[in-house]
Trainee: 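Here it is, the structure in full.
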Amino acid sequence: QVQLVESGGGLVQAGGSLRLSCAASGRTFSSYSMGWFHQAPGKEREFVAVITGRGGMTYYSDSVKGRFTISRDNAKNTVYLQMNSLKPEDTAVYFCAADTFGYGRARYAPAAFSYWGQGTQVTVSS
């Protein structure tokens, strides 16, 4: 069992930055990959970024590559999403998720992730 709690969302102007955090408890944090997803109103939940268990590999969606950075601190059981150069189209609820059955691989499909946080709202004004 893994519990995830996100924080750090809010309202920011276009071009600004936010850093999201996701604190995990339960199973050994470094043993599984962590991902960030977002969901805008009326749209499907979409992949944003993923980081493998020991942080050696990261992958991003094309829409955020070069602007967002995913990282993790296994000593603090926390994963982060640094979001720079934010755009109005980044507005969504952002979720962190744990892939506890992926053997540390980087997977992208929401169905691969077995535990989810409650989400945090990010709103980017133009």
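Heads up: numbering here begins at 1 and tracks the sequence.
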Trainee: Students often mix this up, so state it plainly: with edges at 30° and 60°, are the rings of F37 and W116 parallel, tilted or perpendicular?
Mentor: tilted

Trainee: With the side chain counted from C-beta on, respond yes when D73 and V79 share a heavy-atom pair under 4.5 Å apart, and no when they do not.
Mentor: no

Trainee: Is R72 close enough and on-axis enough to F29, meaning under 6.0 Å and within 45°, for cation-pi?
Mentor: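 Geometry flag: set, cation within 6.0 Å and 45°.
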
Trainee: Heavy atoms, side chains only, cut-off 4.5 Å: are D99 and M34 in contact?
Mentor: no

Trainee: Do R107's NZ or CZ and the ring of F113 fall within the cation-pi criteria of under 6.0 Å and 45°?
Mentor: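 Not flagged: R107 not positioned over aromatic ring of F113.
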
Trainee: Side chain of E6, backbone of G119: donor and acceptor closer than 3.5 Å?
Mentor: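 Flag set: sc E6 to bb G119 pair under 3.5 Å.
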
Trainee: Using modelled atom types only, decide if a donor and an acceptor are shared between the side chain of S85 and the backbone of G15 within a distance under 3.5 Å.
Mentor: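 The answer is no, because no donor-acceptor pair under 3.5 Å joins these two groups.
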
Trainee: Within a strict 4.5 Å, meaning less than it, do heavy atoms of the W36 and C22 side chains meet?
Mentor: yes

Trainee: Counting C-beta onward and ignoring hydrogens, is there a side-chain heavy-atom pair between F68 and D90 closer than 4.5 Å?
Mentor: yes

Trainee: Around atom CZ of R54, are there more than 12 heavy atoms of other residues, nucleotides or ligands at under 6.0 Å?
Mentor: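 It does not: R54 CZ has 12 such atoms or fewer within range.
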
Trainee: Looking only at atom types and distance, does a side-chain atom of Y80 sit under 3.5 Å from a main-chain N or O of T69, one as donor and one as acceptor?
Mentor: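 A pair under 3.5 Å: no.
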
Trainee: Has T91 got a side-chain atom pairing as donor or acceptor with V124's backbone, closer than 3.5 angstrom?
Mentor: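 Such a contact is found between T91 side chain and V124 backbone.
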
Trainee: With side chains defined as the heavy atoms from C-beta onward, is the minimum distance between V2 and T100 less than 4.5 Å?
Mentor: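 Side chain of V2 against side chain of T100, heavy atoms only: contact under 4.5 Å found.
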
Trainee: Might you point out which heavy atoms bring Q121 and A92 nearest each other, and give the distance in Å?
Mentor: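 For Q121 versus A92, the nearest heavy atoms are NE2-O, 3.4 Å.
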
Trainee: For atom CD of Q118, decide whether the heavy atoms of other residues, nucleotides or ligands shown that lie under 6.0 angstrom number more than 12.
Mentor: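 Result for CD/Q118: enclosed.
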
Trainee: Would you say the side chain of Q82 lies within less than 4.5 Å of the side chain of S71, judging by non-hydrogen atoms?
Mentor: no

